[in-house]
Amino acid sequence: MNLDPANLIEYLPMRFTLRDGVPEVQWCYVGSDRLTEPFFDHSIEGRLQSPFNAFFQPRTSVDTLAEFARCYGMSEPAGFVFHLSRCGSTLITQMLGSLPQNVVLSEPSPVDSILRARLRDPQVTENQQAQWLRSMIGALGHSRRPEECRVFLKLDCWHVIFLPLLRKAFPNVPFVFLYRDPVEIMVSHMHRRGAQMLPGIFQPELYGIRTQDAISMTAEEYCARVLAVICQAGLDHQRDDPMLLLNYRQLPAVVWEDLAAYFQIENSPAEVEQMRGAARYDAKQPSVEFATDSARKRSSATPEIIKECVERLEPLYRQLEAARIGVAR
Amino acid sequence: MSRENLEAFRALVWTDADRLQLLREATERTAFVDRLIELGSAAGYMFDAADIEAVMHENHLSWIQRWA
């Protein structure tokens with residue numbers, strides 16, 4: 001459907017697909033609502049409950065998306081947040097999103113669809129992906145309220161693998177990479193694995209692991225290997241294009257200190273207080289008060305988790321820590 | 001044929017802010033379906049509830065398959 005981008009001003013792109021190699025964008029009506037849910041897809045899912053949105057999901061070409069981004073999108077995101085999963089990245093987005101001038105996009109699936117497009121269709125070029133990313137992120141971040149003037153994007157953890165492509169698309173956007181003691185991350189995934197840790201759901205080839213090998217691994221080994229690939233991709237990128245590295249232990253104060261400075265944001269004392277207030281609640285269940293669980297996680301680590309962490313993750317974690325505190329190894 | 005009518009009407013409605021607003025105001029599913037049929041019929045596009053439900057079902061499937 002060829003729609004005038006002006007007709008889409010109250011919509012957000014909710015899905016990106018390749019139909020026989022041709023990119024198509026689906027949109028969802030959101031009006032001027034602020035998206036405050038912990039994840040972009042949760043926000044969309046809530047709106048799809050309305051019969052209007054269940055029925056009307058306009059589909060447009062990627063050219064319409066580009067035109068929309070050109071006319072209404074924000075010029076440049078203020079920062080991207082990469083992470084190792086289960087390490088406080090949602091807390092960062094909830095804190096940034098507590099300020100009305102910030103638009104925070106938390107793991108929007110259309111961005112993932114573009115990043116993984118070449119896995120589905122090898123004909124897709126990196127230049128196309130970079131262009132689509134600029135259009136998609138520009139459109140997702142378009143200002144729908146007068147006070148909104150900055151856009152932040154939190155990516156999915158596996159998007160660290162696509163750092164070079166994202167840098168190609170956004171040469172000047174500051175990147176941060178958040179991580180955590182791997183034992184604590186592993187314990188969290190063994191309690192409830194993320195989709196990215198399930199080889200039956202998420203293609204293991206993305207991490208350079210063959211499916212037949214993946215299915216013969218223990219859950220601990222597979223999870224550790226995936227985390228190791230993500231860590232290594234972050235470290236590889238760090239050598240040529242340093243990001244701001246953040247450890248979970250530094251949260252929440254690092255958000256209004258180092259991260260704000262890195263993203264070139266000046267927050268008033270009232271805004272810092274606002275973010276401090278957001279940090280008091282569990283980022284994924286905002287009705288629940290936050291309580292740190294590092295000690296509990298470490299004490300519940302099984303021998304299998306410890307073994308995998310020692311073998312595959314501790315060396316990488318030490319390298320990240322060394323890079324963070326500026327010690328070359 | 002009624003499915004084609006529905007698609008044609010959906011395309012027509014996109015450029016009509018008043019009809020879009022009327023449809024957005026129908027927040028309950030049955031009321032939405034009734035209003036869509038009524039507006040379509042008034043404009044000469046005949047389709048039924050099953051056609052509308054089929055579109056909604058396809059859209060729902062498309063959404064839940066987004067990670068595939």
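Order of the sequence lines fixes the chain letters, A, B, ..., with proteins taken first and strands second; residue numbering starts at 1 for each chain.
- Side-chain contact, A:Arg15 with B:Ser62: a donor N or O sits under 3.5 Å from an acceptor N or O.
- Aromatic ring centres of B:Trp14 and A:Tyr11: separated by under 6.0 Å.
- Neither the backbone nor the side chain of A:Gln49 comes within less than 4.5 Å of any heavy atom in chain B.
- Considering OG of A:Ser50 and CZ of B:Arg29, their distance stands at 10.0 Å, rounded to 0.5 Å.
- Counting non-hydrogen atoms of neighbouring residues, nucleotides and ligands closer than 6.0 angstrom, the CD atom of B:Glu28 exceeds 12 such neighbours.
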Checklist entry - Please walk me through it: do A:Glu45 and B:Trp63 pass side chain to side chain donor-acceptor pair (under 3.5 Å)? => result CA-CA 9 Å; A:Glu45 221 150 71; B:Trp63 172 251; 2.9 Å; yes
Next on the checklist: Go through it in stages, so that I can follow the logic: the residues are B:Arg10 and A:Gln57, the test is side-chain contact (heavy atoms from CB on, under 4.5 Å), and I'd like the CA-CA distance, side-chain angles, deciding distance and then a yes or no.
Outcome noted: CA-CA 10 Å; B:Arg10 184 158 64 157; A:Gln57 294 173 15; 5.8 Å; no
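- Rounding to the nearest 0.5 angstrom, the gap separating the CD atom in A:Glu10 from the CG atom in B:Leu20 is 10.0 Å.
- With a 4.5 angstrom heavy-atom cutoff, A:Phe16 does not touch chain B via any of its atoms.
- The two residues B:Ala26 and A:Pro51 come nearest to each other via the heavy atoms O-CG, 3.4 Å.
- Between A:Asp41 and B:Arg66, at least one side-chain nitrogen of the basic residue sits less than 4.0 Å from a carboxylate oxygen of the acidic one, meeting the salt-bridge criterion.
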Next on the checklist: Quick one, B:Val13 with A:Phe56, criterion side-chain contact (heavy atoms from CB on, under 4.5 Å). Give me CA distance, side-chain angles, the key distance, then yes/no.
Outcome noted: CA-CA 10 Å; B:Val13 166; A:Phe56 283 106; 4.0 Å; yes
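- Going from atom CG of A:Leu48 over to atom CD1 of B:Ile64 covers 11.5 Å, rounded to the nearest 0.5 Å.
- Residue contact with chain B, scored on non-hydrogen atoms closer than 4.5 Å, is absent for A:Gln196.
- To the nearest 0.5 Å, atoms CZ (A:Phe55) and CG (B:Asn59) are separated by 8.0 Å.
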